[in-house]
Structure formats: structure tokens, C-alpha cells
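So you know, we letter chains A, B, ... as the sequences are listed, proteins then strands, and number each from 1.
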There are 4 protein chains.
Amino acid sequence: MYQGKEMAGQTQNQGKSNERRQRRIERRRGEILTAAARVFARKSYANTTTREIADEADIAEGTLYNYFGGKREILLAIADESETLLEHVLLKGEGLQDREAVETLFEEGLNIFESRLPFIRTMFIEAWVDDDILRDFAIAQLGHFYRRLELYIIEHIDSGALRPVDPALCAQLALGMFGALVIPVLRGVAPLPAQDKRRELAKAVVDILFDGIRAREA
Amino acid sequence: MYQGKEMAGQTQNQGKSNERRQRRIERRRGEILTAAARVFARKSYANTTTREIADEADIAEGTLYNYFGGKREILLAIADESETLLEHVLLKGEGLQDREAVETLFEEGLNIFESRLPFIRTMFIEAWVDDDILRDFAIAQLGHFYRRLELYIIEHIDSGALRPVDPALCAQLALGMFGALVIPVLRGVAPLPAQDKRRELAKAVVDILFDGIRAREA
Amino acid sequence: MYQGKEMAGQTQNQGKSNERRQRRIERRRGEILTAAARVFARKSYANTTTREIADEADIAEGTLYNYFGGKREILLAIADESETLLEHVLLKGEGLQDREAVETLFEEGLNIFESRLPFIRTMFIEAWVDDDILRDFAIAQLGHFYRRLELYIIEHIDSGALRPVDPALCAQLALGMFGALVIPVLRGVAPLPAQDKRRELAKAVVDILFDGIRAREA
Amino acid sequence: MYQGKEMAGQTQNQGKSNERRQRRIERRRGEILTAAARVFARKSYANTTTREIADEADIAEGTLYNYFGGKREILLAIADESETLLEHVLLKGEGLQDREAVETLFEEGLNIFESRLPFIRTMFIEAWVDDDILRDFAIAQLGHFYRRLELYIIEHIDSGALRPVDPALCAQLALGMFGALVIPVLRGVAPLPAQDKRRELAKAVVDILFDGIRAREA
DNA sequence: AATGAATGAGATTTCATTCAT
DNA sequence: CATGAATGAAATCTCATTCAT
């Protein structure tokens with residue numbers, strides 16, 4: 001990651017102001033990243049000019065280069081930022097003991113998704129084209145999530161709560177179900193379900209995932 | 001759509017050679033589109049130069065403009081080409097009478113997907129960024145498919161074969177399941193299941209969709 | 001001037017058919033020049049494509065190159081064509097004996113101008129930019145005319161019919177008067193005076209030229 | 001018209017430096033326009049490349065686009081520049097009371113013409129081909145001049161100083177006389193009369209205009 | 001640090017000319 | 001000869017990056 005030009009010819013005797021300086025730099029970097037993610041989300045990385053990023057961040061174009069090595073590095077920094085994205089989700093569903101935990105996972109997934117929509121949209125679009133982003137975002141994030149799901153399934157098959165389905169396939173399909181909900185939102189062709197409808201939606205999804213759609217004989 | 005060079009001021013006495021000319025033009029247009037789709041699939045529309053398209057099609061850059069009005073028109077022509085894409089799938093599953101038909105649908109979906117991978121990948125990537133492509137491809141193609149699924153579900157709920165789930169949600173989730181299988185392939189991070197494994201895979205997916213993953217009490 | 005590819009490997013024993021061939025070639029050259037002059041007049045040489053010339057002449061682009069060495073040569077050929085343009089005018093006013101002859105000159109100038117408007121417009125536009133055209137057209141044509149006018153003035157000053165004005169200046173001004181009438185027409189911002197108004201107009205102009213605009217004391 | 005980079009998000013506390021910046025931008029725009037007019041005057045708009053303009057202005061090609069939206073906009077800006085061209089001439093002849101005023105008009109016309117030759121030549125050439133330029137330049141400028149002349153003639157016919165000639169025709173012819181003097185200069189085939197010969201020339205022209213060329217009986 | 005004008009490499013597009021049919 | 005598809009040089013324009021202020 002680009003470190004700015006810090007420490008260039010500075011005596012180290014000013015810890016205080018130096019800290020403040022560091023904070024200011026970090027703050028500014030964050031502002032730029034947020035601005036960039038907004039623009040990238042609207043127009044995609046390739047269709048965004050550094051000019052537009054600078055305008056959105058309300059700074060001069062040249063200033064970008066004091067904080068980042070170039071346009072691409074801004075993108076990569078965004079990818080880094082989102083690295084801890086799903087930690088929250090996983091924490092909320094910690095334990096994943098039962099059906100309710102899976103519902104919570106879905107619901108929290110929607111919540112976190114909403115709060116970071118521009119970031120996620122940017123990553124999602126670029127991951128199709130950019131191998132670094134694919135690695136940093138899709139594999140790191142989704143892969144983590146996927147492995148957790150798989151683990152959960154294996155455990156509950158062992159415990160007899162779930163049928164002996166293929167855990168890998170099953171985790172993949174469950175992710176696909178979540179994707180079916182959020183991809184239209186990412187693309188802007190569907191609104192995110194309202195906050196108070198999310199639990200209900202999560203229940204309906206988990207219901208289908210757990211019990212299937214076939215009618216049972218009485 | 002670009003119509004090629006219009007046939008202005010032609011005596012009509014050469015139907016034959018004129019036909020042949022038309023065929024030659026169509027063939028060449030097709031070659032360019034195939035080449036372009038390959039490159040777009042690799043690098044996305046925005047990251048592809050007309051130079052690269054021309055190289056891939058093994059023609060001079062200028063020649064592109066004898067067949068298409070510009071780079072964007074090539075993209076739109078690809079979108080048009082893929083318009084009848086899913087017709088085949090739907091035909092194969094015609095009737096969709098029972099569980100087996102849904103398996104066939106999944107399987108055929110994978111087959112058609114394989115045969116048109118560069119086209120589909122191109123469309124999929126661009127639909128994120130380009131509203132025309134979104135309309136022409138995603139909504140036209142997936143929407144069609146989606147409505148068919150929904151209809152099928154409604155019918156079978158009525159007939160008592162399926163539980164009274166929300167048909168719209170259910171169709172969406174089923175699409176998501178299919179997406180979970182093909183999206184990694186589209187992105188190139190997973191291989192397409194071998195031809196002779198596809199039926200098996202389709203069965204497993206449909207099994208989960210129909211019967212869920214929960215273990216039943218004896 | 002470009003001579004085509006004639007006489008290439010031909011025995012000379014077919015005078016007849018050879019003559020016919022020559023006539024056909026000349027005819028076709030003329031058609032192309034007329035067509036080209038029309039397009040040049042509309043869009044100027046630089047803004048006209050060989051495609052447009054070919055379309056206007058209703059032949060293929062490549063065919064142009066059987067008759068002319070290139071685009072520029074077509075322009076030069078047009079310039080040549082118009083070489084004999086003003087001969088007619090001068091003949092009509094032959095002698096230029098008196099005031100009436102000058103009127104005839106003006107009137108005939110308008111007539112010839114009308115009949116060759118695309119040629120003249122083309123030449124006029126290009127002469128501003130192209131030194132060859134300037135030489136072939138403006139200097140050859142206008143210069144000729146100018147010298148005749150000057151000669152006439154000198155003669156009539158000698159004979160006492162005209163005041164002892166500067167003949168060169170006077171010829172130049174008379175040309176300017178004619179220009180004032182036709183330049184707006186050339187540019188398409190004024191219509192050419194109707195045929196039956198031209199004599200009248202010529203009289204009015206010559207009246208001012210000869211008698212000035214100052215009122216005379218009684 | 002292109003406004004340069006808009007001043008977005010600027011704290012207003014730097015009126016000074018902002019003004020200086022504005023002036024620098026204006027100066028640079030002017031330099032580019034002058035350079036462009038020189039090249040256009042030599043080669044015409046259509047035959048001039050942005051490369052040549054940049055070279056003449058001694059800047060990089062890309063820099064042009066920091067000041068103008070494109071090549072055409074440079075042309076239009078030149079047209080705007082020359083908008084107030086003839087105001088000066090008209091002011092000098094203000095009143096136009098008598099024959100001497102008309103001489104002044106001619107003389108001043110030559111002076112202003114000399115000082116803005118590249119601009120005028122550019123406009124004159126393009127007006128033949130470009131309707132916007134025709135409107136902005138020829139009609140706005142010459143039209144203005146023409147109407148003033150006409151008015152003058154009408155007034156003096158009323159006052160009895162001039163014969164009852166057709167004022168419109170007469171104004172047109174007078175313009176043509178001026179054109180006869182300057183068009184060869186515009187084209188570069190004749191030098192502009194030396195400063196100290198201009199009054200004399202103007203007198204000679206006005207003499208012919210007012211008194212005609214016919215000898216009077218004693 | 002912040003600025004934003006300057007840069008130039010590279011992208012898209014046009015079009016006169018060639019040449020195989 | 002006629003054709004018109006192919007060509008590629010050259011034109012216009014964009015934009016990430018640099019650097020003097």
C-alpha cells in the first residue's frame with residue numbers, strides 16, 4: 001500500500017503533531033476512498049476519470065497523488081477497506097446453532113450489504129475483470145463465508161439435523177440464493193427490502209432452503 | 001443497427017452475385033462479432049481497444065468500420081446475437097411437467113451456457129455498467145426465464161405438487177441456484193462440470209430445491 | 001492530365017472501336033467531373049469524400065481511379081474544364097463599343113454564371129486555399145476579363161468618351177461590382193435575379209458606374 | 001462557448017490569485033486563438049490539423065483541450081473574437097456627413113483590415129462552407145456595414161445630395177468596390193496599399209463612385 | 001501539502017487509395 | 001473496365017500522471 005511521502009527529512013521529536021498528521025492523512029485517505037467508491041459504483045472503474053474522483057472528493061486532481069500512487073491503487077485500497085466486511089455478519093451468526101442462526105445470517109447479510117453498497121458494487125463489478133480484485137474481494141470475502149457455511153452444514157449433517165447432502169454444493173447454492181436477492185439491488189433494478197421486511201424474507205428463504213418446495217404427503 | 005453499406009443504385013439483374021455478397025458480408029460480420037466477444041470476454045468492453053478486436057479478427061482496424069458504425073455498435077450487435085439464447089433451453093424443457101423436466105432445464109442451461117460462454121460473459125459484465133445491455137440481455141433473457149419458472153411453480157402449487165411457497169421468491173431463488181453454479185465458471189475460477197456429470201449435478205440441485213436440506217423424522 | 005491506362009498492349013488496327021472507346025472514356029470523365037463539381041459545390045473539396053463523388057456519379061469508388069489519378073486530380077480537371085468559361089461572355093460583348101455593350105457584358109456574365117454555378121462555386125472556394133486552382137481559375141479567368149475591361153477603359157478614355165480615371169483601378173472596381181452581385185448567390189444567401197430582370201439590373205449597375213451617384217446641379 | 005474549468009468548491013478567500021488565474025487563462029486562450037487564426041489563414045480550417053495549431057501556439061496537442069472543447073470550437077471562438085471588428089470602422093466614419101466621411105470609411109476599412117488580416121481571412125474562407133460562420137461573421141459584420149451604407153444613401157438622396165439611385169443596390173455595389181480592393185490582398189496575390197497611399201486610393205474610389213466614369217460635356 | 005495546467009501516449013474514427021475478383 | 005472490401009496513415013480527442021508554483 002502507498003504510504004504517502006511521510007518521514008521525509010523529519011526529526012522525530014514531535015510525536016504529538018506527528019500523530020495528528022498521521023490521523024489527518026488517514027482521514028483524508030478515507031475521504032478519497034469513500035468518494036472514489038461512490039463514483040466507481042456509478043460508472044465503474046474503467047469509465048471513471050481521476051478528475052471525477054477528485055471532484056467527488058472535493059480536492060484537486062494532483063492531490064490524489066499525494067495519497068495514492070495512482071488510479072489503480074485507489075481501487076486496490078478500496079478492496080482492502082472492504083476486507084473486514086463480512087466479519088460482522090459472521091459474528092452476528094456466531095455459533096450458527098440452528099435454523100434461526102441462518103436466518104440471522106441472511107438478515108445481517110442484507111444489513112451489511114446496505115451499509116456498504118457502493119463498496120460492494122465497485123468490488124463486484126471490477127472482480128469480473130480484475131484478477132487482483134477477484135482475489136482480494138471475491139475469494140477472500142465470499143470464500144470465507146462459503147467455508148463457514150460448508151462447515152456448518154457438515155456439522156449439522158453429523159449431528160443428524162440435516163440430510164446427508166453434498167456440503168460444498170449446498171453451501172454454493174445457499175450463496176446463490178443470497179445472490180439472487182442482492183444482485184438485482186446491486187444493479188439498481190430492484191430496491192433493497194425494507195428493514196422491517198428482512199427477517200420475514202430471511203425466514204421464507206431459509207424455509208425453502210431447509211424444507212424444499214415439494215409438497216409432503218400427509 | 002448498422003445495415004452495412006446500403007445497396008444504392010444497383011441494377012437488379014444480379015440477384016445471384018448479390019446474394020453471395022450479402023452472405024459474405026454476413027459471414028464477415030459474424031466473424032468480427034465472435035472475435036470481439038472473445039476479447040470482450042477476456043478484458044471487458046471498456047478495457048478492449050478496437051486494435052485488439054481487429055487483431056483477434058485478423059483484419060485491419062479500419063475494416064471494422066466497414067461492418068460496424070463503431071466500437072459500441074459491435075457490443076450492441078453481440079447483445080442482439082444472443083437474444084434468442086435461452087429459447088433453446090426453454091424448448092428442451094417444454095412442458096416442464098415434473099421434477100425431471102426441471103433437471104433437464106438445469107442441464108440444458110449448462111449446455112447452452114457452455115456453447116456461448118464468451119457471449120454470455122461479455123453480456124454479463126457489461127450489463128453491470130451499460131443500461132442498454134441490461135435491458136437487451138439481462139431483462140430480456142433472464143426475465144423470460146424467470147417468468148417461465150414462476151408460472152411453472154404457480155401451476156404446480158395449484159395442482160398440489162408443490163407447497164404454497166411464494167412463487168416469485170422461489171423462482172428468484174432457483175435462478176440464484178443456477179447462478180451459483182455458472183457464475184464461478186463465467187469468472188473463470190471454476191471449470192464447467194464435465195458433460196457426463198451434468199445430469200447428476202442437476203439432480204442434486206433439484207433434490208435440494210424440492211426437498212430441502214433438513215433431515216426428516218422417520 | 002491523367003490519360004487513363006490507354007494504349008497498353010493494343011495493336012493499332014482498330015481505329016473505329018478505338019475511337020468509340022475514346023468517346024466513351026471522355027463521356028464518362030465528363031460525367032464524373034459534373035458529379036464531382038456538384039458535390040464540391042455543396043460541401044467543398046476538403047469536406048467531400050471520394051465515396052460521395054462516386055455515389056453522385058453512380059459508380060464505384062474504385063472506378064474513379066480508372067479515370068483520374070486521385071481526388072485532387074478531379075479537382076484540377078474541373079479547373080481545366082472551366083477554362084473556356086468566360087470566352088462566351090467576351091464574345092457576346094465583342095467590340096464593347098459603348099455603354100450598351102457593358103450592359104450586355106454584365107447580363108451575359110450573370111447568364112453564364114447561372115449555367116455553371118457548381119463549377120464556379122467549386123473553383124471560387126478552392127482558389128482561396130489551393131494555389132493551383134488560384135492560378136488556373138482566378139488568374140486565368142478573372143485576369144483575362146480584367147485585362148479586357150482595362151483595355152476598354154483605356155480606349156474610351158483616349159476617345160474622350162470616359163473621364164481620365166485610373167484604368168486599372170476602374171477595371172478592378174467594375175469587377176468588384178459584378179462580384180457584389182454574384183457572391184451572395186454563390187454562397188446561397190441570395191437568389192440569382194430572374195432572367196427577365198437581368199437587363200434592367202445591368203442597366204442600373206452601369207448607370208452608377210458611368211454616372212456616379214452624386215446629384216448634378218441643374 | 002467553452003468556459004474553461006469551472007471553479008468548483010473554492011473558498012472565496014483568494015479573490016486575488018483567482019483573478020490572476022482567470023487572466024492567465026484568458027491570455028492563454030487568446031494566444032491559442034491567434035496562433036490558430038494564423039494557421040487557418042494559411043491552410044483553411046479543414047486543412048489544418050490540431051497538431052499544427054498546437055505547434056504554432058507552442059503547446060502540446062492535449063493542452064488545446066484544456067482551453068477549448070475541440071477544433072471546431074476554436075474556429076467559433078475566432079468568429080466571436082472578430083465580432084466587434086467593424087465597430088471601429090463605423091465609429092471613425094461616425095456621422096458620415098459627406099464625401100470625405102465615405103473616404104474615411106474606406107481608408108479606415110483598409111486599416112482595420114490590415115490589423116486583423118489572419119482573422120478576417122479565416123472567417124472569409126470558412127464562411128463559404130460553414131453556415132455558423134456565415135451567420136456570425138459575414139451576416140453580422142458585413143450586414144451591419146451594409147445597412148449603414150444604405151441608410152446613408154437614403155438620407156442623402158432625401159437631402160438632394162445624391163441622385164435617386166436604388167439605395168440597396170448602391171450599397172451592395174459600394175461593398176463590392178471595397179471587396180475588389182481587399183479580396184486580392186486576402187488571397188495574398190496583391191499587397192495592401194501602403195499606409196500613406198490609402199487616403200489617395202480612397203479618394204479615387206469615392207470619386208468614381210460619386211461621379212462615375214463617363215466624361216461630361218462641357 | 002495542495003493545486004491544476006501541461007503533457008503525450010494511446011484510443012477511436014475517417015477516408016484516399018489499392019487490388020483481387 | 002467495374003467493383004467495393006481491405007487497408008493503414010493520419011486526424012481528433014481523452015485522460016492518467018507530472019511538476020512548477
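Take the nearest nucleotide of DNA chain E for D:G62 and for B:T50: the residue whose nucleotide is more 5' is D:G62. Residue D:I59 is the one, among C:Y45 and D:I59, whose nearest nucleotide of DNA chain E lies closer to the 5' end (criterion: closest heavy atom). Each of A:T48 and C:A60 lies near DNA chain F, and the nucleotide nearest C:A60 is the one positioned closer to the 5' end.
Contact annotation: C:R21 reaches the phosphate of F:dC1 (side-chain N/O to OP1 or OP2, under 4.0 Å). When the side-chain nitrogen and oxygen atoms of B:T63 are compared with OP1 and OP2 of F:dA6, none of them lie within a distance under 4.0 Å. Between D:R24 and F:dT21 there is no side-chain polar atom (N or O) within less than 4.0 angstrom of OP1 or OP2. Contact annotation: C:R28 reaches the phosphate of F:dA2 (side-chain N/O to OP1 or OP2, under 4.0 Å).
Taking atom CD of C:E31 as the reference point, atom P of F:dC1 lies 14 Å away to the nearest angstrom. Residue D:E26 contributes atom CD, which lies 15 Å from atom C1' of E:dA5 at whole-angstrom precision. With rounding to whole Å, A:E52 atom CD is found 8 Å from F:dC15 atom P. Between the OH atom of C:Y65 and the P atom of F:dC1 there is a distance of 19 Å, rounded to whole Å. Rounded to a whole Å, the OH atom of A:Y67 is 18 Å from the P atom of F:dT17. Per the geometry, CD belonging to D:E61 stands 9 Å off P belonging to F:dA11, to the nearest Å. If you take CZ of A:R51 and C1' of E:dT3, they are 12 Å apart, rounded to a whole angstrom. Going from atom NZ of D:K71 over to atom C1' of E:dT12 covers 16 Å, rounded to whole Å.
Ion pair A:R42/A:E56 flagged as a salt bridge, since at least one NZ, NE, NH1 or NH2 atom sits closer than 4.0 Å to an Asp/Glu carboxylate oxygen. For the pair C:D131 and C:R135, the salt-bridge criterion is not met [side-chain N within less than 4.0 Å of a carboxylate O]. A salt bridge does not link D:R23 with D:E26: none of the charged nitrogens is closer than 4.0 Å to a carboxylate oxygen.
In this structure, E:dA6 and F:dT17 make a Watson-Crick or G-U wobble pair, each of the two defining distances being under 3.5 angstrom. Here F:dA9 sits opposite E:dT14 as a Watson-Crick or G-U wobble pair (both hydrogen-bonding atom distances under 3.5 Å).
Between the side chains of B:N66 and B:T63, no donor-acceptor pair is found at a separation under 3.5 Å.
Side-chain atoms of D:N66 stay outside donor-acceptor range of the base of E:dA5, with no qualifying N/O pair under 3.5 Å.
Residue D:Y45 forms a ring pair (Phe, Tyr, Trp, His ring centres under 6.0 Å) with just one option from D:F124, D:F40, D:W128, and that option is D:F40.
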